[in-house]
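One structure below.
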Amino acid sequence: MTDRLGQKQTAAMLALMVIAREVPNPELRDIVGFPLDGQDRTKLNKLDLVASERSSVLRGRPFVHELTERGWAWCEEELSVGEAPLPRSSLGSALYVLLGGLDRHLRREKLRLVDLFMPDVELTAEEIESRIRIAYRKLSRTPKDWVALVDLRPMLGDASTVDVDAVLKELSRSGQAHLVPESNRKALTDADHAAAIRVGGEDNHLLSIEEP
């Protein structure tokens, strides 16, 4: 990456990345302390990193912003830059250490930013099942492989634990999935216990899914 964005432009980009939906200026101001206006907005629009338009429903018709596909690509590249834009601060430097760690995790798990940051919306059972099957295919090495729920749950985005458990139990009841406890109980961590799903009076830690 040759040309860096300024601090305010970078902050707006990262905020839009995490929120992962259209964000009106008043909300953006509450999050990062400023609206995306003037030259900052114009530059991000011209670079096709952010799409902006006047709201037709909000009072005052503020600008509403959302990352473009190129904007998502910019964010993925920014994770590995390693240094905050000038002028640098200790907080900015620490942030980019964190972003670098996030980049390494995504590469290791073969994930994209869009797999991690999703809009905060109420998901249907069908959408949750789709996320479960996608995550399972990414984690499994062979058909009907056993996958740990502690590894699968973080890949389901903002789906609630209660809703995920309901879908897993229905998949199990219908024979489309199988849930079993970890046989080596001594190997279980606190995270394994937290990710377990209770079915038939016992905690289950592993999942296998039948291909449709």
Side-chain angles (χ1 to χ4, degrees), residues 1-123 127 131 134-135 138-139 151-160 191:
M1 181 178 295
T2 54
D3 297 329
R4 301 296 302 278
L5 297 178
Q7 278 194 350
K8 290 180 67 175
Q9 296 161 357
T10 300
M13 290 289 293
L14 295 179
L16 292 174
M17 172 190 76
V18 174
I19 301 171
R21 57 169 169 77
E22 290 186 340
V23 182
N25 260 339
E27 182 180 355
L28 189 63
R29 182 191 294 110
D30 290 340
I31 295 169
V32 296
F34 59 85
L36 184 55
D37 274 332
Q39 293 182 352
D40 291 324
R41 176 186 61 78
T42 300
K43 181 173 182 178
L44 296 182
N45 292 162
K46 286 184 176 180
L47 291 173
D48 192 26
L49 299 177
V50 172
S52 305
E53 61 180 9
R54 290 283 186 181
S55 172
S56 60
V57 296
L58 297 177
R59 179 179 297 178
R61 302 188 66 237
F63 274 106
V64 177
H65 314 285
E66 187 173 18
L67 289 183
T68 63
E69 288 188 13
R70 181 173 290 184
W72 280 102
W74 180 93
C75 289
E76 290 190 327
E77 187 177 352
E78 187 72 8
L79 295 184
S80 62
V81 168
E83 291 185 338
L86 296 173
R88 298 193 179 104
S89 65
S90 57
L91 181 59
S93 297
L95 170 62
Y96 272 73
V97 172
L98 174 62
L99 293 180
L102 176 60
D103 178 62
R104 291 190 294 275
H105 171 75
L106 293 175
R107 293 178 186 276
R108 186 167 56 247
E109 300 298 326
K110 299 179 181 179
L111 297 173
R112 305 290 302 278
L113 280 176
V114 292
D115 298 318
L116 184 62
F117 298 116
M118 302 178 185
D120 186 15
V121 296
E122 186 173 344
L123 300 172
E127 290 170 330
R131 289 192 184 186
I134 291 172
K138 289 180 178 179
L139 293 170
D151 296 325
L152 182 134
R153 287 191 188 275
M155 300 173 65
L156 303 181
D158 54 358
S160 74

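Computed from heavy atoms alone, side chains included, the values below leave out hydrogens, waters and symmetry copies.
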> Looking at Pro85 and Gln7, what are the two nearest heavy atoms and their distance?
Replying inline: O-NE2, 3.6 Å

> Between Ser52 and Asn45, is a side chain to side chain donor-acceptor pair (under 3.5 Å) present by the stated rule, with each step listed?
Replying inline: CA-CA 7 Å; Ser52 305; Asn45 292 162; 3.0 Å; yes

> Should the heavy atoms of other residues, nucleotides or ligands under 6.0 Å from CZ of Arg112 be counted, would the total exceed 12?
Replying inline: no

> Hey, what do you get for NZ (Lys8) to CZ (Arg41), rounding to the nearest 0.5 Å?
Replying inline: 13.0 Å

>> To the nearest 0.5 Å, what is the distance between CG on Asp115 and CG on Leu156?
In response: 11.0 Å

> So which heavy atom on Asp103 is nearest to which on Glu76, and how close?
Replying inline: OD1-O, 4.2 Å

>> Counting only heavy atoms not in Arg29 (residues, nucleotides, ligands), do more than 12 fall under 6.0 Å from its CZ?
In response: yes

> Any salt bridge between Glu109 and Lys138, counting N to O under 4.0 Å?
Replying inline: no

> How many angstroms lie between atom CG of Leu99 and atom CG of Leu95, to the nearest 0.5 angstrom?
Replying inline: 4.5 Å

> Below 4.5 Å, heavy atoms only, C-beta onward: do Pro35 and Leu28 meet side chain to side chain?
Replying inline: no

>> If you define the side chain from C-beta out and look only at heavy atoms, does anything of Val64 sit under 4.5 Å from Val23?
In response: no

> With side chains defined as the heavy atoms from C-beta onward, is the minimum distance between Ile19 and Ile31 less than 4.5 Å?
Replying inline: yes

> So which of Glu78, Glu83, Gln9 actually passes side-chain hydrogen bond (donor to acceptor under 3.5 Å, both in side chains) with Arg4?
Replying inline: Glu78

> Going from CE on Met17 to CH2 on Trp72, what distance comes out if it is rounded to the nearest 0.5 angstrom?
Replying inline: 7.0 Å

>> Please find the pair of heavy atoms, one from Phe34 and one from Ala11, that lie closest to each other, and give the distance.
In response: CZ-CB, 4.1 Å

> Taking the side chain as C-beta and beyond, is there a heavy-atom pair between Leu14 and Val32 under 4.5 Å?
Replying inline: no

>> Does Leu116 form a side chain to side chain contact (heavy atoms under 4.5 Å, CB included) with Leu102? I'd like the steps, not just the answer.
In response: CA-CA 10 Å; Leu116 184 62; Leu102 176 60; 3.5 Å; yes

>> Please evaluate residues Leu49 and Leu67 with respect to the criterion side chain to side chain contact (heavy atoms under 4.5 Å, CB included), reporting the C-alpha separation (whole Å), side-chain torsions for both, the decisive distance (0.1 Å), and the verdict.
In response: CA-CA 6 Å; Leu49 299 177; Leu67 289 183; 5.8 Å; no

> Given Arg70 and Leu47, is the side chain to side chain contact (heavy atoms under 4.5 Å, CB included) satisfied, shown in steps?
Replying inline: CA-CA 9 Å; Arg70 181 173 290 184; Leu47 291 173; 5.9 Å; no

> If you take all heavy atoms of Asn25 and His65, which pair is closest and at what distance?
Replying inline: OD1-NE2, 3.0 Å

> Rounded to the nearest 0.5 Å, what separation is found between the CZ atom of Arg153 and the CE atom of Met155?
Replying inline: 14.0 Å

>> Could you check whether any side-chain heavy atom of Asp37 comes within less than 4.5 Å of a side-chain heavy atom of Phe63, counting everything from C-beta outward?
In response: yes

> Got a second to check how far Leu5's CG is from Thr10's OG1, nearest 0.5 Å?
Replying inline: 4.5 Å

> How close do Leu113 and Leu79 get, heavy atom to heavy atom, and via which atoms?
Replying inline: CD2-CD1, 3.8 Å

>> Is the shortest side-chain heavy-atom distance between Val50 and Thr68 below 4.5 Å?
In response: no

> Side-chain contact, heavy-atom cut-off 4.5 Å: Pro62 with Arg54?
Replying inline: no

> Of all heavy-atom pairs between Phe117 and Ala20, which one has the smallest distance, and what is that distance?
Replying inline: O-CB, 3.7 Å

> Hey, is Arg21 close enough to Glu66 for a salt bridge, meaning N to O under 4.0 Å?
Replying inline: no

